[in-house]
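Just so it is clear, the structure is predicted and the values come from calculations on it, not from any experiment. Any value given below was found using the heavy atoms of this structure, including those in side chains, with hydrogens, waters and symmetry copies removed.
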Amino acid sequence: MPVHNADIAAIFEEIADLLEIQGANPFRVRAYRNAARTVGDYGRDLAGLIAKGQPLPKIPGIGDDLAGKIHEIAATGRCSFLERLHRELPAAVTELLKIPGLGPKRVKTLYEQLKVQTLPELQAAAQSGRIRELAGFGEKTEQHILAAIGAQASEARRFKRPVAAQYAEALAAWLAGVAGVERVEVAGSYRRRRETVGDIDILVAARSGSPVMQRFIGYDEVRDVLAHGETRASVMLKCGLQVDLRVVEAAAFGAALHYFTGSKAHNIAIRKRAQERGLKINEYGVFRGENRIAGETEDSVFAAVGLPWIPPELREDQGEIEWAMRAPLPKLVERAELKGDLHCHSRASDGHASIEAMALAAKARGLDYLAITDHSQRLKIAHGLDSGQLLRQMAEIDRLNEKLRGITLLKGVEVDILADGSLDLPDALLGQLDLVVGAVHSRFDLPPARQMKRLLTAMDHPHFTLLAHPATREIDRRPALELDWLKLIRHARQRGCFLELNAQPERLDLFDIHCRMAKEEGVLVAINSDAHKEADFDCLDYGIGQARRGWLEAKDVLNSRSLAQLRPLLRRTM
DNA sequence: GCCGTTTTCGGCCCGACTGTTTTCAGTCG
């Protein structure tokens, strides 16, 4: 049973929960939480490194003790320290922390006073009125607990970007129209362009006396008001999405925007930096003693701690601060820099538009070239093309290229990578195409070693160009393949092929950390729409967001090349 | 538990809102 970074992170997170309930030193608790996040986001498989006998890399926040625990978990899958904690406190109590309003102190009280360990026990205690009897608890708390247990199953989820955008943008536009409102910005993980968002954070600059707070909690889509004060409010929308609003004066907008954009880890790192310089940062500005020295713009906040403005997509405390101290930050790729799209479908397989219609739609969105990559024969459900059908399509593309102006079509295919790594169409045919996009659409359950072999074998094929949606994950539906990413990326470099970042918002595959790994290893990434209809080209924007989170610049992106620059790259020489 | 250009000990980010309290602890972001 392989140990993943996520498994190590989960153990550290559980240790942090249990220590917190025990009332341990809060900074010790934080050390475990930081370590959980650092390990969970770490780009390389730590247990894999250890298994190969390599030393653990020096990771900030991981000292001798935690490194020792990582070694133990990697070797045994267990952590004796966690097991010791379990002997003192049942594992189930950490579940109680998931109830909003219940933190470590209250969970400890519930366990010690009422012997409550599980959610059903908590519910029973609340229903029988025993919770309100406890010191520090009351009737309202008991009611909230009952309501939260009822809501928990249905609403503990994250929202994909298109859904979040729909609500966030509409609400932001509505707030912008309220009297006295000067600026509105959607902050939080949405602004950092994370692939999913747990809630929406909206920041408003308003003149004093603006009714914006009242208008917010009275918004049509609001189901519950969770909290509201003078400057801050939280609501639950009917769709189950939580929205937090913060209102500040214009002079503090930059500081507040930085604060509410996060991430939390980035903010902590920036504040520590401020502290080292004798400054204090809060959402109202940067202060030296009583004097506010910055805060109107984000630029001014960063400048106050000796840094350039850092793009929101990089604010994860994943080295962006250290990088900015010693070198210019990357100039992250923008949508306008994409010159073409190397993966889309037509009506010939499972698309909904003709090749010509797709070409015109791509041209209308500023693209200069478009590869038609319908599915191959094995994918029956998508009406995959056999050799004869693909040959006829190639002839059709030749005819269209004579007719079309301002866009060039490339002949391609999204060929199935079969379980043994072979490709689903004959070599002679693949060799006639401009590019071969290979993809896994079946046998996601192969053992990791065989899955890895499958992909490496496919890349060894002389005509293989580009690996589509490499992890094959679909958000909330299908987990990512367990791959040795560094090995895969280095193999791609060696074989002269490329990786796709599939821009469909339910895929967003490559992951951000693997984009960054590809960049570091010198493997170009193609940001592709995988469009099945004309409007899908707009998905490229989601791909750009993910690419930016992966530190990619235009030079790291295959389809930022002009067609003339691209053609030689597609021609395999090995 | 981590960490070091004021430190190997003594720090560790900061403020708003709620509910239970009569001045604040707990929770959250």
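With no hydrogens or angles considered, a side-chain donor-acceptor pair links A:T261 and A:R191 at under 3.5 Å. Side-chain N/O atoms of A:S80 and A:E72 include a donor and acceptor closer than 3.5 Å. A:T76 and A:R78 are not linked by any side-chain donor-acceptor pair at a separation below 3.5 angstrom, with hydrogens and angles left out of the test.
Note on A:N267: every side-chain N or O is 4.0 Å or more away from OP1 and OP2 of B:dC13. Here A:K272 does not reach the OP1 or OP2 of B:dC3: none of its side-chain N or O atoms lies under 4.0 Å away.
Atom P of B:dG4 sits at a distance of 14 Å from the matching atom of B:dC13, rounded to the whole Å. Remark: the separation of the C1' atoms in B:dT21 and B:dG26 is 12 Å, to the nearest Å. B:dT6 and B:dG10: their C1' atoms are spaced 13 Å apart (whole Å). B:dT18 sits 15 Å from B:dT23 when the C1' atoms are compared, rounded to a whole Å. One P atom belongs to B:dG1, the other to B:dT5, and the distance between them is 23 Å to the nearest Å. Taking atom P on both nucleotides, B:dT20 is separated from B:dA16 by 22 Å, rounded to a whole Å. Atom C1' of B:dC3 sits at a distance of 9 Å from the matching atom of B:dT8, rounded to the whole Å.
Place A:N282 and A:L226 on DNA chain B by their nearest nucleotides, and A:N282 ends up nearer the 5' end.
At least one side-chain heavy atom of A:H258 sits under 4.5 Å from a side-chain heavy atom of A:H266.
In this structure, CD1 of A:I268 is placed 10 Å from C1' of B:dC12, rounded to the nearest angstrom. If you take CZ of A:R33 and P of B:dC2, they are 16 Å apart, rounded to a whole angstrom. Rounded to whole Å, atom C1' of B:dT18 lies 15 Å from atom CD of A:Q143. At whole-Å resolution of the value, CZ in A:R246 and C1' in B:dA16 are 6 Å apart. Distance A:R28 CZ to B:dC9 P: 20 Å, rounded to the nearest Å. We find that CZ of A:R277 is positioned 16 Å from P of B:dC13, with the value rounded to whole Å. If you take NE2 of A:H258 and C1' of B:dC13, they are 12 Å apart, rounded to a whole angstrom. Rounded to a whole Å, the NZ atom of A:K280 is 17 Å from the C1' atom of B:dC12.
Residue contacts for A:K69: at a heavy-atom cut-off of 4.0 Å it reaches the sugar-phosphate backbone alone, with no base atom in range. At the heavy-atom level, A:N25 lies under 4.0 Å from base atoms of the strands shown. Backbone-only engagement by A:E230 is indicated by non-hydrogen atom pairs under 4.0 Å involving sugar-phosphate atoms exclusively. Within 4.0 Å of A:P26, counting heavy atoms only, lies no atom of the nucleic acid at all.
Remark: the backbone N or O of A:T196 is paired with a side-chain donor or acceptor of A:R158 at under 3.5 angstrom. Side chain of A:T94 to backbone of A:E14: no donor-acceptor contact under 3.5 angstrom is found.
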- Task: Sugar-phosphate means primed atoms, P, OP1 and OP2; the rest is base. With that split, encode nucleotides 19-29 of chain B 5' to 3' as B, S or - using protein heavy atoms under 4.0 Å.
- Result: SSS----SSSB
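Test A:V181, A:V212, A:L175, A:I202 against A:V247 for side chain to side chain contact (heavy atoms under 4.5 Å, CB included) and you get one pass: A:V212.
The side chain of A:Y284 has B:dG15 as its nearest neighbour among B:dC17, B:dC12, B:dG15. Out of B:dT18, B:dG15, B:dG1, the shortest distance to the side chain of A:A227 is found at B:dT18. Among B:dG1, B:dT18, B:dC12, the nucleotide with an atom closest to any side-chain atom of A:D65 is B:dG1.
In a base pair of the Watson-Crick type (N1 to N3 plus N6-O4 or O6-N4) or a G-U wobble (N1-O2 and O6-N3), with each distance short of 3.5 Å, B:dT8 is matched with no nucleotide.
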In residues 25-33 of chain A, what donor-acceptor pairs under 3.5 Å come from side-chain atoms, sequence neighbours left out?
| residue | atom | partner | partner atom | Å |
| --- | --- | --- | --- | --- |
| A:N25 | OD1 | A:F27 | N | 2.8 |
| A:Y32 | OH | A:K69 | NZ | 3.2 |
| A:R33 | NH1 | A:E13 | OE2 | 2.5 |
| A:R33 | NH1 | A:D17 | OD1 | 3.1 |
| A:R33 | NH2 | A:D17 | OD1 | 3.0 |
| A:R33 | NH2 | A:E20 | OE1 | 2.6 |

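Glycosidic conformation of B:dT7 is syn; the angle stays within 90° of 0.
For the atom pair CG of A:L508 and CZ of A:R193, the computed distance is 10.5 Å after rounding to the nearest 0.5 Å.
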